[in-house]
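Following: one structure in structure tokens, then a few remarks.
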Amino acid sequence: MSEGGKRVDSLSIEGWSPEFGSPVETDRDEVPAAQVDAGAELPPAEWRPLGAAGAMKPARVYFVDGVRRIEARVWMSHGGEPSLGICASYGAGVVRCGRRAEIVAARVRRAFFGRAGVPDLVTRAGTFTACPVADDDIRQLVNGLQERMGQLEIEVAETALPSASRSSRDGALMVVDGPLRGRQRIAGATGYVKSHRVQYLSGEPRATVARLAPGQRTPVFLIQTTWTRYSWYLRLTRAEGHPWAGIVRCEAWHDTGLGEVKRLADATAAVLPRFASEPHKDDRAPQNLYPIGGLERELRRRLGDTGMVYRALRRAAGDYRPRHGSPTGPGTAAVPP
């Protein structure tokens, strides 16, 4: 018997590995109702699960994703004043799924993030290109890394589909892992959000999400916070745990016509469930789709061995000397042991 005489009727273990947090947060931020128009496709009182029967299935699906890895924190001395920087590796790629899955673009970069004056750092593992940020607070440094990774995702997406806007005309669907914010240049893309840290819906619309069957979606709704986009929820497959387990949220640009957004929503409901991963193969099943998981593994392989990169950084930091006559270059750079 539990404390206070209350009985626990059932237990359920969440599928996601604890190291990734939780796909559904118990303490979620709530968006004011004035910032969400739940009636974009159907009036809130008429919300119901929508199937994808009869939806046109895309001939090809492109998945865009990126990975990042902080290789080392680096302390720099600017005339005796210390400041923090980070050396990081990041990559982005595109998987095209048609009759078979293949990686059609993949690129890796290395960068040195720090305050103004941060130098390029040449190592045996490659050059960590200088990327100045406004402050050496670790969050600001990581934000700089995230921004560069997002830019690389745009670059590889444009390489894989030189005219991304044509995807709506040739029957292709482009899915970008994560929210669309910051990826405005990837025209026609659909954002794919695996976890739920913000509560956008209430009342009947929110209850509809829990009633979704595999391959069903909610009506489209409009979100206007610091940026505006259309969104919808869909269930990939049945999963143990929370009633929202197996639920993902998708996004489309606000300047996409509602008719086209509904077509995209139907397409995602029709094809994405077949890419859902299984717990014995992925720690973030079923939300981490197989093509995305495979792309992440390949990109991490291309980042190189962590130990090798770290040793190269320590050697380069120990050998570092500022360029002669450079008033802005740090006098020393040291990777902590």
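Along the sequence shown, the residues carry numbers beginning at 1. Computed from a prediction, not measured in an experiment: that's the story for all the values here.
- With values rounded to the nearest 0.5 angstrom, Arg229 atom CZ is found 9.5 Å from Trp253 atom CH2.
- Between Glu155 and Arg107, the closest side-chain pair of non-hydrogen atoms falls below 4.5 Å.
- Transitive grouping of hydrophobic side chains (ILVMFWY, heavy atoms separated by less than 4.5 Å) brings Val198 and Ile223 into a common cluster.
- The residues Glu204 and Arg211 are annotated as salt-bridged, a charged nitrogen and a carboxylate oxygen being separated by less than 4.0 angstrom.
- At least one donor-acceptor pair under 3.5 Å links the side chain of Arg235 to the backbone N or O of Leu212.
- A distance of 9.5 Å separates CZ of Phe112 from CD1 of Ile86, quoted to the nearest 0.5 Å.
- Looking only at atom types and distance, the side chain of Arg206 has a donor-acceptor partner in the side chain of Gln199 under 3.5 Å away.
- Here the side chain of Trp47 pairs a donor or acceptor atom with the backbone of Leu42 at under 3.5 angstrom.
- Looking at Arg197 and Ser195, their side chains do bring a donor and an acceptor atom within 3.5 Å of each other.
- Ion pairing between Glu251 and Arg183 fails under the 4.0 Å rule for side-chain N and carboxylate O.
- We find the CZ-CG distance between Phe113 and Leu84 to be 13.0 Å, quoted to the nearest 0.5 Å.
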Step by step, work out the side-chain contact (heavy atoms from CB on, under 4.5 Å) result for Arg109 and Leu152. CA-CA 9 Å; Arg109 300 282 188 272; Leu152 188 57; 3.9 Å; yes
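- When all heavy atoms of Pro179 and Trp227 are compared, the pair lying nearest together is CB-CZ2, 4.5 Å.
- Between Ala134 and Gln140, the shortest heavy-atom distance links the atoms CB-NE2, 3.9 Å.
- With a 4.5 Å cut-off on side-chain heavy atoms, Val133 and Val118 do not count as touching.
- A donor-acceptor pair under 3.5 Å is absent between the side-chain atoms of Asp136 and the main chain of Gly85, judged by distance alone.
- Judged purely by atom type and a 3.5 angstrom limit, Ser277 has no side-chain atom pairing as donor or acceptor with the backbone of Leu289.
- By the criterion of side-chain heavy atoms lying less than 4.5 angstrom apart, applied directly or through intervening Ile, Leu, Val, Met, Phe, Trp or Tyr residues, Tyr310 is grouped together with Met308 in one hydrophobic cluster.
- Here the options are Val193, Leu236, Leu272, the test is side-chain contact (heavy atoms from CB on, under 4.5 Å), and the partner is Val248; only Leu236 passes.
- Remark: the backbone N or O of Ala213 is paired with a side-chain donor or acceptor of Gln216 at under 3.5 angstrom.
- Distance check, rounded to the nearest 0.5 Å: OG of Ser231 to CG of Asp37 gives 12.5 Å.
- In this structure, Pro58 and Leu173 approach most closely via the heavy-atom pair CG-CB, 3.8 Å.
- The cluster map of Ile, Leu, Val, Met, Phe, Trp and Tyr, joined by side-chain heavy atoms under 4.5 Å apart, puts Met174 and Val104 in the same cluster.
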Would Asp177 and Lys194 satisfy side-chain contact (heavy atoms from CB on, under 4.5 Å), going step by step from the backbone distance to the final call? CA-CA 8 Å; Asp177 190 50; Lys194 296 188 287 285; 2.7 Å; yes
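- Using modelled atom types, one finds no donor on one side chain facing an acceptor on the other under 3.5 Å when comparing Thr123 with Arg110.
- The backbone N or O of Gln224 lies less than 3.5 Å from no partner atom in the side chain of Thr228, so there is not a single donor-acceptor pair.
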Could you check Arg302 against Glu298 for side-chain contact (heavy atoms from CB on, under 4.5 Å), going step by step and ending with a plain yes or no? CA-CA 6 Å; Arg302 296 190 184 203; Glu298 174 60 20; 2.7 Å; yes
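- Val209 places none of its side-chain heavy atoms less than 4.5 Å from the side chain of Tyr200.
- Residue Glu71 forms a salt bridge (charged side-chain N to carboxylate O under 4.0 Å, His left out) with just one option from Arg69, Arg73, Arg68, and that option is Arg69.
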Would you please test Val175 and Val61 for side-chain contact (heavy atoms from CB on, under 4.5 Å) and show each step? CA-CA 7 Å; Val175 178; Val61 184; 4.2 Å; yes
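- The side-chain heavy atoms of Phe275 and Cys97, taken from C-beta on, include a pair separated by under 4.5 Å.
- For the atom pair Arg249 CZ and Leu201 CG, the distance stands at 9.5 Å (nearest 0.5 Å).
- Across Trp232 and Ala252, no two heavy atoms sit closer than the pair CZ3-CB, 3.9 Å.
- Here CZ of Arg297 is found 11.5 Å from CD1 of Ile292. Values are rounded to the nearest 0.5 Å.
- Looking at Arg115 and Glu81, their side chains come closer than 4.5 Å, going by heavy atoms from C-beta outward.
- Among all heavy-atom pairs drawn from Cys87 and Leu121, the shortest one is SG-CD2, 4.1 Å.
- Here the two rings, on Tyr192 and Phe63, have centers that are 6.0 Å apart or farther.
- Ring geometry for Tyr233 against Trp244 counts as perpendicular: the plane angle is over 60°, on a 0 to 90° scale with 30° as the lower cut.
- Cluster membership for Leu50 and Met56, using ILVMFWY side-chain heavy atoms within less than 4.5 angstrom, is not shared.
- With a 4.5 Å cut-off on side-chain heavy atoms, Leu234 and Cys250 count as touching.
- Side-chain contact between Glu147 and Leu145 is absent, with no heavy atoms from C-beta onward closer than 4.5 Å.
- Considering all non-hydrogen atoms of both residues, Tyr290 and Lys281 come closest at OH-CD, 3.3 Å.
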